[in-house]
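Read through the structure below, which is laid out as C-alpha cells, and then see the notes.
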Amino acid sequence: RRRARIPQEEPRAAPRAAPPAADGGSLSSEAAEYRRRGAEHFKREEFEKALDEYSKGLAVEPDEAALWVNRSIALRKLRRWQEAADDAGRALKLEPTSEKAFFSQAEALRQLGKVAEAKAVCDAGLLAHPAHGALLSLQKSLSTPTPRPSSSQGSREAAKDAAKASAKKATSEPRAVAPTSAPSAVAPKASQKRSYAVDYSKWEGLGDSDEEDEEEGAGPNSA
C-alpha cells in the first residue's frame, strides 16, 4: 500500500525589520513619527509639546533608549530635574554607553544639588567617552569647590545685611506723631491804671485864671 503524502508547509519569510532611526536604533513607524514631531516642537522651544510627543512614542516603544534621552532633555528645559534624571537613568539601562544619557543625568543631578552622584555619573561617562567635551566641562565644574567668604568678609556682609534690614524696617513702620498741644490760653493783661499824685502846694498863692475872672463878670471891659 502506498502512503499518502502529507503536504509540507512552506517556510514563512522572516518579518522585515523596522526602518533604522537617525541614531542607528530601530523604531516603528509610529514611534518614529512621534519622535520627529517632538524634535520639531523642541526646535521651536515648545518643550511641553515636545515632552508630550516623546511620551507618546515611549508608549509605543518603551525600550527605545533614544526616546528616553530626548524626553530627559525636554524635562531639563522645563526644569523638572528629578524626572529628567530618572529618564536618563532608564536610557542608560537600555544603552549603557549613551553619552547624551550620561550628560543629561549628571546635569540634572547637579541641579538637584546631588554633587557626589553627579560626579560619579560624569566620571562613568568619561570612561566610555574620554574626549566628550560637555562631560569634561561638567566634570571640571563639579570638581571645583565653591569659594567661601573669609570671616572678616562674612562679618562685613552680615553688618551690611543688618543695616539694610534695619533701614527697611524703619521705612516700613509708621512713625508715631507727637500730639500737638493745644495753644495755651494767654491770660489778658490787666490794664494797669497809673495813679498820679498831684502836689497842690505849688498852686497856693496864685491868682485865678482869666477864665475864672470872666465867669465872675470881672472882665477888663466891665463898667
Side-chain angles (χ1 to χ4, degrees), residues 21-23 25 31 34-35 37-59 61-169 172:
D23 59 350
Y34 286 132
R35 184 183 179 187
R37 292 177 186 176
E40 290 296 325
H41 287 304
F42 192 92
K43 290 177 183 178
R44 293 194 292 266
E45 298 185 358
E46 298 169 348
F47 303 121
E48 287 284 359
K49 293 181 179 180
L51 177 64
D52 184 58
E53 295 296 333
Y54 293 141
S55 298
K56 291 177 181 178
L58 284 169
E61 294 283 350
D63 295 333
E64 181 56 45
L67 284 172
W68 288 108
V69 173
N70 289 354
R71 198 171 80 160
S72 174
I73 297 172
L75 286 166
R76 276 172 41 213
K77 291 294 185 179
L78 295 169
R79 305 180 69 84
R80 292 162 62 173
W81 307 115
Q82 187 59 59
E83 295 172 81
D86 293 343
D87 277 11
R90 292 187 182 97
L92 286 171
K93 289 181 180 179
L94 295 168
E95 189 179 338
T97 60
S98 173
E99 55 191 38
K100 291 183 179 180
F102 277 124
F103 178 83
S104 191
Q105 188 178 46
E107 175 63 19
L109 290 171
R110 184 182 75 87
Q111 293 290 344
L112 289 169
K114 301 177 180 180
V115 178
E117 295 180 36
K119 192 175 184 301
V121 173
C122 196
D123 292 343
L126 286 171
L127 286 176
H129 308 280
H132 194 274
L135 285 172
L136 286 170
S137 178
L138 182 58
Q139 184 191 49
K140 184 178 180 181
S141 66
L142 290 169
S143 302
T144 304
T146 304
R148 296 181 178 180
S150 60
S151 58
S152 59
Q153 183 180 358
S155 60
R156 288 197 298 269
E157 293 296 330
K160 288 181 180 179
D161 293 340
K164 290 179 180 179
S166 178
K168 185 177 180 180
K169 184 178 180 181
S172 61

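- Side-chain atoms of T144 come within 3.5 Å of backbone N or O of K140 as a donor-acceptor pair.
- Applying the ring pair (Phe, Tyr, Trp, His ring centres under 6.0 Å) test to F42 and every residue at least two apart in sequence or in another chain returns F47.
- No more than 12 heavy atoms of other residues, nucleotides or ligands lie within 6.0 Å of NZ in K49, so this atom counts as exposed by the packing criterion.
- The closest donor-acceptor contact from the side chain of S137 to the backbone of A134 lies at 3.5 Å or more, if one exists at all.
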| query | Does the pair Q105 and L109 meet the rule for a side chain to side chain contact (heavy atoms under 4.5 Å, CB included), with working shown? | reply | CA-CA 6 Å; Q105 188 178 46; L109 290 171; 4.0 Å; yes
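- Heavy atoms only, all atoms of each residue included: W81 and A108 are closest at O-CB, 3.4 Å.
- Across all non-hydrogen atoms, the minimal contact from H41 to A50 is CB-N, 3.6 Å.
- Residue C122 comes nearest to L135 through the heavy atom pair SG-O, 3.2 Å, listed as atom of the first residue, atom of the second, then distance.
- Atom-to-atom distance recorded for L138:CG and D123:CG is 10.0 Å, nearest 0.5 angstrom.
- Within the model, atoms CD of Q139 and CG of L126 stand 5.0 Å from one another, a figure rounded to the nearest 0.5 Å.
- Here the closest non-hydrogen pair linking A84 and R76 is CB-CG, 3.6 Å.
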| task | Could you walk me through whether L51 and R80 pass side chain to side chain contact (heavy atoms under 4.5 Å, CB included), step by step? | result | CA-CA 11 Å; L51 177 64; R80 292 162 62 173; 3.5 Å; yes
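- S104 places no side-chain N or O within 3.5 Å of a backbone atom of K100 that could act as its donor or acceptor partner.
- Summarising the geometry of F102 relative to A128, their closest heavy-atom pair is CE1-CB, 4.4 Å, with the distance given to 0.1 Å.
- Using a 4.5 Å heavy-atom cutoff, the side chains of L94 and E64 are not in contact.
- A donor-acceptor pair is defined here as one N or O able to donate and one able to accept, closer than 3.5 Å; no such pair exists between the side chain of W68 and the backbone of D86.
- Note that the CD atom of E53 and the CG atom of L67 stand 11.0 Å from one another [nearest 0.5 Å].
- Ring geometry, H132 versus F103: the interplanar angle falls from 30° to 60°, so the pair is classed tilted.
- Remark: the backbone N or O of A39 is paired with a side-chain donor or acceptor of Y54 at under 3.5 angstrom.
- In this structure, NZ in K77 is found 12.5 Å from CG in L75, a value given to the nearest 0.5 Å.
- Heavy atoms only, all atoms of each residue included: S141 and R110 are closest at OG-CD, 4.4 Å.
- At a threshold of 4.0 Å, the pair R37-E40 does not count as salt-bridged, since none of the basic side-chain nitrogens sits closer than that to a carboxylate oxygen.
- The salt bridge (charged side-chain N to carboxylate O under 4.0 Å, His left out) search around E46 returns R44, not counting sequence neighbours.
- Between R90 and D87 a salt bridge is recorded (basic side-chain N to carboxylate O distance below 4.0 Å).
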